[in-house]
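What follows is a set of notes on a single structure, which appears directly below.
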Amino acid sequence: LKVTYINPSPKYFCIWESSDGNTPLWLVFYEVEVENFEYTPTEECREMRFFTLEEALNANIYPAVRSSLDEVKRLFMNF
């Protein structure tokens, strides 16, 4: 996957606390452009797919990613 452009300014920036209240969490979204979606699968990235927020929330994902998606849903579902 070859990234051809990264906007230097974040598109969205979210801050919240971890569920234990002891760790601040930050989620920063940048707009990027890619040359194409061809890539070589690795142990870290076996496949690439696009999800709606609801599809992602219902997928089998890492707990840290789920926490981030729950926060995104809380912040953006009213827009």
Side-chain angles (χ1 to χ4, degrees):
L1 186 66
K2 182 178 178 184
V3 175
T4 59
Y5 172 76
I6 301 173
N7 190 319
S9 299
K11 187 87 167 173
Y12 301 103
F13 190 83
C14 308
I15 303 172
W16 70 100
E17 288 185 351
S18 62
S19 58
D20 65 11
N22 294 323
T23 307
L25 302 172
W26 299 11
L27 188 59
V28 182
F29 297 88
Y30 286 89
E31 177 183 6
V32 300
E33 294 177 8
V34 296
E35 186 174 277
N36 57 51
F37 290 106
E38 296 175 16
Y39 76 103
T40 302
T42 66
E43 188 62 31
E44 293 176 336
C45 183
R46 296 180 190 155
E47 68 177 312
M48 180 172 44
R49 293 188 293 168
F50 294 91
F51 295 88
T52 66
L53 179 57
E54 290 303 320
E55 290 169 336
L57 287 167
N58 291 316
N60 182 19
I61 56 177
Y62 292 108
V65 175
R66 176 161 312 283
S67 173
S68 298
L69 291 174
D70 288 339
E71 185 63 12
V72 167
K73 182 177 180 179
R74 185 185 72 76
L75 292 170
F76 295 107
M77 288 306 289
N78 292 325
F79 285 98

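The structure presented is a predicted model; accordingly, all values stated were derived computationally and were not measured.
Tyr12 is not listed as a side-chain neighbour of Glu31, based on a closest heavy-atom distance of 4.5 Å or more.
In this structure, Tyr30 and Asn7 approach most closely via the heavy-atom pair CD2-O, 3.2 Å. Across Met48 and Phe37, no two heavy atoms sit closer than the pair CE-O, 3.3 Å. Closest approach of Ala56 and Leu69 over heavy atoms only: CB-CD1, 3.6 Å. Residue Asp20 comes nearest to Asn22 through the heavy atom pair OD1-N, 2.8 Å, listed as atom of the first residue, atom of the second, then distance.
Under the side-chain hydrogen bond (donor to acceptor under 3.5 Å, both in side chains) criterion, Thr52 pairs with Glu55, sequence neighbours left out. Partners of Glu44 according to the side-chain hydrogen bond (donor to acceptor under 3.5 Å, both in side chains) rule, which considers only residues two or more places apart in sequence or in another chain, do not exist here. Partners of Glu54 under the salt bridge (charged side-chain N to carboxylate O under 4.0 Å, His left out) rule, at least two apart in sequence or in another chain, are Lys73.
Using a 4.5 Å cut-off between side-chain heavy atoms of Ile, Leu, Val, Met, Phe, Trp and Tyr, with links allowed through other members, Tyr5 and Phe29 fall into different hydrophobic clusters. With hydrophobic clusters built from ILVMFWY side chains whose heavy atoms lie under 4.5 angstrom apart, Leu57 shares a cluster with Ile61.
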